[in-house]
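Report on the structure given below.
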Amino acid sequence: MKIAVFSTKSYDQEYFENYNSEKKYDFTFFETSLTSSTANLTLGFDVICAFVNDKIDQDTIEILAKNGVKLIAMRCAGFNNVDIQSAKTHGIKVVRVPAYSPEAVAEHSVALILTLNRKTHKAYNRVREGNFSLKNLIGFNLHGKTVGVVGTGQIGAAFCRIMKGFGCNLFAYDLTESQELVEMGVQYLPIDEVFMQSDIISLHCPLTPGTKHIVNSSSLAQMKDGVMIINTSRGALINTADAIDGLAQKKIGYLGIDVYEQEEKLFFEDLSESIIQDDYILRLNSFPNVLITSHQAYFTKEAMDQITLITLDNIQAFENKQQLINEVV
Ligand code: NAD
């Protein structure tokens with residue numbers, strides 16, 4: 001099987017090569033992302049392996065099909081960037097890694113909460129510069145606060161378990177309720193109620209037409225003044241322009257995001273010597289109460305091991321004509 005890996009970073013290659021020491025798979029690593037403009041590179045490959053910001057739309061898929069690609073192996077959980085219908089039409093299977101380490105993402109959400117709240121990022125810089133003042137570093141106790149969780153699948157559930165340990169009250173919204181979480185004390189409410197009653201709102205649902213921009217000017221109006229919003233799921237769950245207005249009007253007290261609506265032009269790259277043309281990210285970065293990380297919530301050793309192993313298992317199952325347990329249908 002000839003496999004073309006797109007959007008490759010050094011660490012991706014390192015993990016794939018480690019797990020392919022017997023050279024069972026024939027990998028070619030491309031640094032470029034996969035889009036309709038780069039899809040010609042797939043000529044002669046059976047499988048393409050792609051990531052969160054590759055743009056696998058109808059145009060890309062038509063070229064993949066023409067080039068003989070038979071499998072799209074996503075090395076991530078989300079598949080909002082793949083035109084599944086088009087893949088189906090062209091007889092290309094799509095597999096993904098549905099769960100590799102929900103704790104990795106849940107723990108990063110908590111890292112965003114704690115950093116925004118207790119301002120350890122600011123304290124670190126201050127103390128290193130000999131500034132031992134506590135001015136403006138005041139935080140709040142998480143104990144007793146109400147946390148609203150939107151989407152209680154694998155990651156949302158792991159997040160609930162951690163926040164329960166902090167002594168938070170947990171409200172949740174999901175299309176399906178988890179009995180395990182209910183037994184743990186999580187209370188499911190309509191989404192409006194979750195928005196109205198929460199001190200902290202954390203988004204853990206997938207990006208779908210139904211969830212796009214669930215945080216917008218009207219949902220923000222329902223929220224408590226000074227609410228903390230955390231998004232480690234997908235950028236377009238938040239309407240960025242509305243969030244910027246919410247921050248300017250002090251409706252949003254804290255915003256922690258690991259994902260961003262227009263991240264594909266920025267994230268995973270070192271642009272420190274470039275002129276960044278995205279005015280939204282520059283404006284977001286201007287707020288002292290905004291913390292942005294570059295889609296790193298998944299990035300732990302344990303998660304990378306699982307992503308690599310499950311991706312290889314998915315490819316092997318395809319090669320052996322076995323059932324594709326992680327197929328997106
Ligand atoms: P999951 O499928 O286990 O859970 C998703 C949950 O969202 C399900 O319970 C589902 O019922 C619920 N849901 C679906 N539509 C909803 C809606 N309209 N409103 C409320 N809930 C809804 O997925 P997961 O593994 O928990 O991952 C959640 C998301 O996290 C993924 O879709 C992906 O976008 C994101 N993610 C981000 C990173 C990262 O590094 N930042 C890593 C992995 C996953």
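We count ligands from 1, going down the list as the structure has it; atoms in each ligand are counted the same way. Predicted model only: the values in this text are computed from it and were never measured.
- For the residue pair N216/S218, the side-chain donor-acceptor check at 3.5 Å is satisfied.
- When heavy-atom distances to ligand 1 are checked against 4.0 Å, the residues falling inside are P98, Y100, V105, G151, T152, G153, Q154, I155, Y173, D174, L175, T176, H204, C205, P206, T211, T232, S233, R234, D258, H295, A297, Y298, ordered by chain and number.
- The 12-atom threshold is not exceeded at NZ of K55, counting heavy atoms of other residues, nucleotides or ligands nearer than 6.0 Å.
- Dense packing is recorded around CD of E17, with more than 12 heavy atoms of other residues, nucleotides or ligands lying under 6.0 Å away.
- Remark: the S101 side chain and the E302 side chain contain no N/O donor-acceptor pair separated by less than 3.5 Å.
- Between the side chains of N314 and T311, no donor N or O sits under 3.5 Å from an acceptor N or O.
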Go through it in stages, so that I can follow the logic: the residues are R161 and E180, the test is side-chain contact (heavy atoms from CB on, under 4.5 Å), and I'd like the CA-CA distance, side-chain angles, deciding distance and then a yes or no.
CA-CA 10 Å; R161 287 191 287 269; E180 180 209 328; 3.2 Å; yes
